[in-house]
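All chains are named by letter (A, B, ...) in the order of the sequence lines, taking the proteins before the strands, and each is independently numbered beginning at 1. Quick note: numbers below take in every heavy atom, side chains included, and nothing from hydrogens, waters or symmetry partners.
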Amino acid sequence: MIFKKATIPLIIVFVMGVLGFATQYVPHPASATVTEEITSWFKVIGGFGLFIGAYSLIHMHLTRIKRRMEGWGYSMFTFIGAAFMIFVGLYNGGDGPLREASSQEQVTQKMMFDWGYQYVFVPCTATIFSILAFFMASAAFRTFRARNLAAGLLLVAALIVMLGRVPVSEWFSLQVFGDKGVFDTATDFIMEGPNLAAKRGITLGISLGAISQALRILFGIERSYMGGD
Amino acid sequence: MNASQTQSKKLRQAGIVRRVIFVLVAVAVIVPYILKPNLPGEPNHWAEEVYKRVDTLKPGSHMMLAFNFEPSSGAELYPMVRVVLMHCFKKGVVPVLMTHYTNALNLMKQVVAESATQAKKKWGKDVQPGKDYVILGYRPGDEMLIVNMGENLKGAFDKDLDNRLTQNMPALKGVNSLRDLDLAMDFASSGTTQMWIAYGSDKFGFPLVAGTTAVQAPDLYIYLPPSGQLKGFLGGLRGAADYETLLCRSDNVAVEGPANKGMPSQSAVHVMLVLLILGANVRMIYGKFAGKRKV
Amino acid sequence: MPEPELIPDSTQNNRWSPIEMGVLATMVVVFLAVSLWRQTVEGIAHNPYDTIGIIVAAGLTLIMYSFLYRDNPLFKIAENLYVGISLGYATVMGWREALRPEVFDPLFRAPTETVLYDTLLHRSVPIILGILLVTRLSRKYGWLSRYSFGMLIGWGSGMGIAITTHTFILKQLETAIGPFQGAGQHAAVVPFSWPWMTAVALPILLAGIVMIGTVAVLWYFFFSVEHKRAGGALSKLGILFLMVSFGASFGYTVMGRVSLLIGRVQFLLFDWLKIPR
């Protein structure tokens, strides 16, 4: 049983890993054919994978309702929203997802489907993310203090970049320095100097870590992707 | 005052300060829409690079637009896609749109429709799907989809979003893989630009530019020239505003567009935040000196 | 005595005072009145799809913003509705754009036998792997999904090693060293003249700063060796570079978040309240 459950998957990982690595360096046309074939598999497998995510969310909310956990009533609205979109998206005059809707059905249900997207999904998701602007402003005011050199540098860099990326800085820079490009130049220096150095260092470090992690996966040392027994 | 009373007072003060700042931010955003100040800005040189790349494409060239953002980042990236698409339609370049996000599909259709309307209004360009542009749509696979497109684009997307076969589509004539693209642009709200660099342009050799949210922008400087993995990029709403400015200048018209309309509010909030932060730091430093003098 | 929470936990005080309830009810009435005034009854009758949509969208936007005052039942309802709509949309699109064109249509709606055999040849393996993937949800047969995950992760890791090495390591090292190699191309320029400063000295100075910063940051993250004396100084330098970078990132993040707020305000002002653009 261990052979089926653990050994075969590890063999598959190793073989596919070596194949994936080799196709990058073997210039033979067969290499391109293999790459094209296997990468096309991901489109199919990914389609099945989408439903795992949907199932997990449905299961979580169902559990909340069944066990009458705190806030279970709100989970009903999750199902109402999902049911509405799935119904209008797949109804097709009662034939469900197995055929294309007729042109008239398409117009009606497409309109409702698009309506749900444009007037419920879009405003909700955009607004939730825009709330961060308020919290960011409040947090910046309360915590941004130049208590030491490092904090001071962070503060100065943030202030220069915040001013440099808005048009009003050109007017301000003209009044104070007599040249409208001072903040722009300072911002560019920060972004293409210290910021670039730090990001490059971080990227190199992450990449080395990623390669080492990939090698651990290929050689079966890292097995967390397999899940529990 | 005992400890619990001090605690309540601090809580109340913190809550009031927080809400005052929220109100200030809201006022700073709304007031410029009423006053409508004129605050033109000079485009950034990376935005100019992107503009030049698109502007020098010949009519009939193919440009892939990877529409990799959801409505949550639409405020920054939608104006960007809109103006780049308008530029493509103006130049007769054929945009080929695709996405790695299911939630982006309707937004993609919407921006193409809006850009097509604007192109007709401004330059009399009547663009047709399948002929002057193509929306390939969504397929799962992320980086593997990019590699699949790089080997066989029409195999990766055998039909477009409206179920037209891509095999003999006029809009994709001569484009069988990503290698055949004249330019590609990734509109990204997360790390898809790095994905397109690694699995796309570095592997298949097509020129790549990017349009990203402001949050992503600092991470992309390592890929710009002299590295050359990215030829240029537009960062955030300011990047979209810069592109609109360049497009309007080329038409010799007054600068307009949704991104430029947002710049006065952006300026107001940034200046307000800078002043608040500076004020808080001055108060802290003064408090330190006052404390030292007492001792 | 524990530090007082600077952000009060609204879940500990869920009760709304009568004044707060009254204000909330008034705001709902005002919202409906303003919507009817700006969108007009004729507008609703003439184009209910968009007009009612705008009113619903504006209502949801303002409900979401009510969270800034306090967490409340309306916000929770809107939040859960949004999660549900998002789930429904992704499910429908996942079927329409992924499973139907890649699995269902080629198998069950193949126009010719040749296409069907081609599908069976090229898609049997991924379809089986996809079905095995879904077994992850079963406690008894979940181990079958390891075959699918093994294939996905193995191929991805193998390909990733080669691509990561090239794009994120070799190319970046090449770029870091490149400016120093380029200095020799300007041998004809007179040293310490202005052209020499702009073509040779300043680029090399900047490249030098970047190189020192990159090494310092990499050294800071190398925890296998204790950072003492020269190593400690280099590590501190790395921290300073990181702080400048984080400051720049913060500046850009503020810009990004404010832009999102600007987008919503534009919708509320121009689409809902119909203020002239």
Heavy-atom distances under 4.5 Å only: say whether A:F129 touches chain C with side chain, backbone, both or neither. both

Side chain, backbone, both or neither: which part of A:V18 has a heavy atom under 4.5 Å from chain C? neither

When A:I12, A:I217, A:L218 are each screened for side-chain contact (heavy atoms from CB on, under 4.5 Å) with C:I153, the one that passes is A:I217

Please state whether the side chain, the backbone, both or neither of C:V210 comes within less than 4.5 Å of a heavy atom of chain A. both

Is C:R100 positioned over the aromatic face of C:F104, cation under 6.0 angstrom from the ring centre and no more than 45 degrees off axis? no

Non-hydrogen atoms of chain C under 4.5 Å away: do they reach the side chain of A:H61, the backbone, both or neither? side chain

Can you tell me which portion of A:L19 sits under 4.5 Å from chain C's heavy atoms? Options are side chain, backbone, both or neither. both

Give, as side chain, backbone, both or neither, the part of C:L60 having an atom under 4.5 angstrom from any heavy atom of chain A. side chain

Given a strict heavy-atom distance threshold of 4.5 Å, which part of A:T35 is in contact with chain C: side chain, backbone, both, or neither? both

Chain A heavy atoms under 4.5 Å from C:M64: which part of the residue, side chain, backbone, both or neither? both

Can C:F75 and C:Y65 be said to form a ring pair (Phe, Tyr, Trp, His ring centres under 6.0 Å), step by step? CA-CA 8 Å; C:F75 172 80; C:Y65 280 135; over 10 Å; no

Less than 4.5 Å to any heavy atom of chain C: does that hold for the side chain of A:F84, its backbone, both, or neither? side chain

Taking side chain as everything from C-beta outward and backbone as N, CA, C, O, which of these in A:T125 sits under 4.5 Å from a heavy atom of chain C? Side chain, backbone, both or neither. both

Report which part of C:S249 has an atom under 4.5 Å of a heavy atom belonging to chain A: side chain, backbone, both, or neither. side chain

Taking side chain as everything from C-beta outward and backbone as N, CA, C, O, which of these in C:T167 sits under 4.5 Å from a heavy atom of chain A? Side chain, backbone, both or neither. neither

By a 4.5 Å heavy-atom criterion (distance strictly below it), what part of A:L208 contacts chain C: side chain, backbone, both, or neither? both

Does any backbone or side-chain atom of A:L163 lie under 4.5 Å from a heavy atom of chain C? Answer side chain, backbone, both or neither. neither

Could you look at C:V134 and say if it's the side chain, the backbone, both or neither that has a heavy atom under 4.5 Å from chain A? both

Whether A:Y117 and A:F121 hold their rings parallel, tilted or perpendicular, with breakpoints at 30° and 60°: tilted

Does any backbone or side-chain atom of C:I131 lie under 4.5 Å from a heavy atom of chain A? Answer side chain, backbone, both or neither. both

Aromatic ring proximity, centroids under 6.0 angstrom, A:F21 and A:Y25: yes

Heavy-atom distances under 4.5 Å only: say whether C:I127 touches chain A with side chain, backbone, both or neither. both

Step through it carefully: locate the ring centre of C:F241, locate the ring centre of C:Y220, and say whether they are under 6.0 Å apart. no

Within 45° of the six-membered ring axis of C:Y252 and under 6.0 Å from that ring's centre, is NZ or CZ of A:R165 located there? no

Measuring heavy-atom distances to chain C, does A:I11 have an atom under 4.5 Å in its side chain, in its backbone, in both, or in neither? neither

Can you tell me which portion of C:V125 sits under 4.5 Å from chain A's heavy atoms? Options are side chain, backbone, both or neither. side chain

Tell me whether the rings of C:W219 and C:F222 are parallel (<30°), tilted (30 to 60°) or perpendicular (>60°). tilted

With a 4.5 angstrom heavy-atom cut-off, could you sort out which part of C:P73 is near chain A: side chain, backbone, both or neither? both

Under 4.5 Å from any heavy atom of chain A - which part of C:F221: side chain

Walk me through it: do C:T214 and A:R200 pass the test side chain to side chain donor-acceptor pair (under 3.5 Å)? CA-CA 6 Å; C:T214 308; A:R200 184 169 283 155; 5.0 Å; no

Quick one: what part of C:S148 sits under 4.5 Å from any heavy atom of chain A, side chain, backbone, both or neither? neither

C:A176 portion near chain A, given a 4.5 angstrom heavy-atom threshold: both

Contacting moiety of C:L173, where chain A heavy atoms sit under 4.5 Å: side chain

